[in-house]
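Written below as structure tokens is the structure these notes are about.
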Amino acid sequence: MGNMPGICWGFQLLILFVHHCYGFYLPGSYMHTYSTKDAIYAKVNSLTSIETELPFSYYSLPYCKPMGGIKKSAENLGELLMGDQIDNSPYRFRMNVNESLYLCTTSPLNEREVKLLKQRTRDLYQVNMILDNLPVMRITKQNGVNIQWTGFPIGYTPPNSNDDYIINHLKFKVLVHEYEGSGVQIIGTGEEGMGVISEADKTKASGFEIVGFEVIPCSVKYDPEVMTKLHMYDNISSVNCPLELDKSQIIREQERISFTYEVEFVKSDIRWPSRWDAYLKMEGSRVHWFSILNSLMVITFLAGIVFVILLRTVRRDLTRYEELDKEAQAQMNEELSGWKLVVGDVFREPNHSKLLCVMIGDGVQIMGMALVTIVFAALGFMSPASRGMLLTGMIILYLFLGIAAGYVAVCLWRVLKGTAEGWRSLSWSVACFFPGIVFVILTALNFILWASKSTGAIPISLYFILLSLWFCISVPLTLLGGYFGIRAEPIQYPVRTNQIPREIPARKYPSWLLVLGAGTLPFGTLFIELFFILSSIWLGRFYYVFGFLLIVLLLLIIVCAEVSVVLTYMHLCVEDWRWWWNAFFASGSVSLYVFLYSINYLVFDLQSLSGPVSAVLYLGYSMIMAVAIMLATGTIGFITSFYFVHYLFSSVKID
């Protein structure tokens, strides 16, 4: 009862807070409202291509620079790791002012600039522009269907031509919604941090919100003699995009390219909270549902097998076994076959037990990170407006879940060894195993990116930040988890282990064949969603169906658990007591199929990907993904099988 006054105070504060708040909007960034003629400057992100997957800085090409010089925007950990480099740009918009403006004219292009522009054009590089945190969208028609793209190309190469033409005139359409302060309080979680519009700010908040940002890119040939007389932001006459190539701006040496743009503001009924809907239109929702129904069928089939094992076979055998007196049991033991015969060996310590403990610890850490991240993303906390938020959140969660990894690994170590000796060494291994693998692969890939002068390369300063996070947060927390593990109540084996191991009967087929086959069932629940995830990573599409992904992840966990239990039971029935690693790889082998599917995706769906550098990058990142999936799914299978075997043999009476 001592806590009641505190609870009452908290409840009153909550009522007071709710009374003053009429509505909330969590996902996305803090809303900006603009008055007529307010200046708004667009930002530019790295140039990207689905052909090379190597991002480059916008100002690596001879584009117009802002008057006050280039200034980088503050970037979070996720943005830096993804290769984003957001800079200011000279593109200025004035709210509700339709205008056509001149930017600049380049000096005559030299050989290096021409070569670079041609190469970037041929590699299908896109300019990624951002206005009020919205990426620019380009709408094209293919076979009578409107297709939306984010960004616009650097240039284009006409069919059957060796000439390249640069995009130097942009026709922007900015969709705006008139906002009148109506007491709606908005909490933002975007790149500007937390922000609240309160009752007192109603008049200040009134104005126009930007709810859409579209572009039509053109190539226009200007007379450089005329254009050089103009100054930045001087008005020019409106331009129609020319269809004739002789009126387009060719890329060649000594050419002087003039950059211009025009902007049109259009009033829209789209409200600010719905402005991302155009980017996140969920295509193929039927395919997602088909994937889930397919998974449910696999789960039902496997659940039926587990039900038969647990309720019919095991229960029947145990009932018969327990009804007999001691003499009859002894006689029956001689005639027994199957899992009952390995009762003295089933809990014998497996080979490479330390490695098993390390992998289980890391698996708990990865699965916990994935589950919590996807739950938060499904609830709308990981908005696409907050670039890099998803990756940053995953890294932070992984660091703090080191406690769970250390705890589980040391608990399992004590079960296998019967002693806590060596727990510090084990905790260090847990903290360094998976991050070490990722670090080695990323360093190798980083040397490739450095050699290519890509913005995707991790800067040295970020390397030190990541190492600091690893050794100053992850390692100590894993050791703390290990310390809690040695103080926890140990799990006791229900049966004693014989001193001499039992001989395992010869089999017609090797056990690894069964283990490999078992991985196909979890992969069956995963592969359709995997296609969408790979498309979002490598083809620059937005992936925001986290609700579906959460369902698929939960189904995957159930399938992995069922597959491992069935396979473990099958191994015990043929008197094979070496079930530990088989239980891990029964569900963990799904990672092999994920990696093979990634190669299939590279060959058949990423045909545009050009050059060995891009392929090596793709395979490197796919390898990291496969190792993470192996550890996470293998851990689910192992833990479920361990408790199944423990339950099974704790039901047997042994003298």
Discussion item. ring-ring contact (aromatic ring centres under 6.0 Å, His included), that's the test. Do Tyr407 and Phe484 meet it? Break it down for me.
Written reply: CA-CA 6 Å; Tyr407 179 82; Phe484 289 144; 7.5 Å; no
Worksheet entry | Verdict with reasoning, Leu124 to Ile154, per side chain to side chain contact (heavy atoms under 4.5 Å, CB included) | CA-CA 8 Å; Leu124 305 182; Ile154 285 168; over 6 Å; no
Student check: side-chain heavy atoms of [X] and [Y] closer than 4.5 Å:
X      : Y      : answer
Phe56  : Leu61  : no
Met625 : Leu534 : yes
Val136 : Thr150 : no
Val627 : Ser591 : no
Phe595 : Met623 : yes
Tyr597 : Asn600 : yes
Leu449 : Leu617 : yes
Phe213 : Pro135 : no

Worksheet entry | All side chain to side chain donor-acceptor pair (under 3.5 Å) counterparts of Asn88, not counting sequence neighbours | none
Does any N or O in the side chain of [X] come within less than 3.5 Å of the main-chain N or O of [Y], such that one atom is a donor and the other an acceptor?
X      : Y      : answer
Ser589 : Ala586 : yes
Trp580 : Glu349 : no
Asp87  : Ile70  : no
Ser641 : Phe638 : no
Tyr493 : Val415 : yes

Item to complete: For the pair Phe439 and Trp470, evaluate ring-ring contact (aromatic ring centres under 6.0 Å, His included) and give the outcome as yes or no after the intermediate values.
Response: CA-CA 10 Å; Phe439 194 77; Trp470 182 4; 5.7 Å; yes
Practice prompt. Please confirm whether Trp581 and Phe585 have ring centers closer than 6.0 angstrom.
Written response: yes
Can you name the nearest heavy-atom pair linking [X] to [Y], along with the distance?
X      : Y      : answer
Ala632 : Ile366 : CB-CG2, 4.0 Å
Ser454 : Leu54  : OG-C, 3.8 Å
Leu477 : Leu399 : CD1-O, 3.6 Å
Thr568 : Ala583 : OG1-CB, 3.6 Å
Phe152 : Arg138 : CA-NE, 3.7 Å
Ala431 : Thr478 : CB-OG1, 3.8 Å

Supply the atom-to-atom distance [X] [atom1] to [Y] [atom2], rounded to the nearest 0.5 angstrom.
X      : Y      : atom1 : atom2 : result
Tyr59  : Gln85  : OH    : CD    : 10.5 Å
Ile374 : Leu554 : CD1   : CG    : 9.0 Å
Thr635 : Gln365 : OG1   : CD    : 10.5 Å
Met630 : Asp362 : CE    : CG    : 9.5 Å
Leu117 : Thr121 : CG    : OG1   : 6.0 Å
Ile465 : Ile460 : CD1   : CD1   : 12.0 Å

Worksheet entry | Under 3.5 Å side-chain donor-acceptor pair for Tyr463 and Thr443 | yes
Worksheet item: Looking just at side-chain N and O atoms, do Thr48 and Asn128 make a donor-acceptor pair shorter than 3.5 Å?
Response: yes
Hey, can you pull the donor-acceptor pairs under 3.5 Å for the side chains in residues 421-428, sequence neighbours left out?
{"unit_1": "Ser425", "atom_1": "OG", "unit_2": "Lys354", "atom_2": "NZ", "d": "2.6"}
{"unit_1": "Ser427", "atom_1": "OG", "unit_2": "Trp423", "atom_2": "O", "d": "2.9"}

Item to complete: Under the side chain to side chain contact (heavy atoms under 4.5 Å, CB included) rule, what do Val590 and Thr520 come out as? Steps first, then yes or no, please.
Response: CA-CA 6 Å; Val590 67; Thr520 56; over 6 Å; no
Practice prompt. Dump the intermediate steps for side chain to side chain contact (heavy atoms under 4.5 Å, CB included) on Ile639 and Val364, then the final yes or no.
Written response: CA-CA 10 Å; Ile639 290 173; Val364 166; 4.2 Å; yes
Mind telling me whether [Y] and [X] have parallel, tilted or perpendicular rings, with 30° and 60° as the class edges?
X      : Y      : result
His646 : Phe642 : tilted
Trp450 : Phe447 : perpendicular
Phe523 : Tyr593 : tilted

Worksheet entry | Audit row: Tyr618, Ser598, side chain to side chain contact (heavy atoms under 4.5 Å, CB included) steps and yes/no | CA-CA 9 Å; Tyr618 175 86; Ser598 300; 3.7 Å; yes
Worksheet item: With a 4.0 Å cut-off, would you call Asp132 and Arg275 a salt bridge?
Response: yes
Worksheet item: With a cut-off of under 6.0 Å to the ring centre and 45° to the axis, is Arg120 in cation-pi contact with Tyr125?
Response: yes
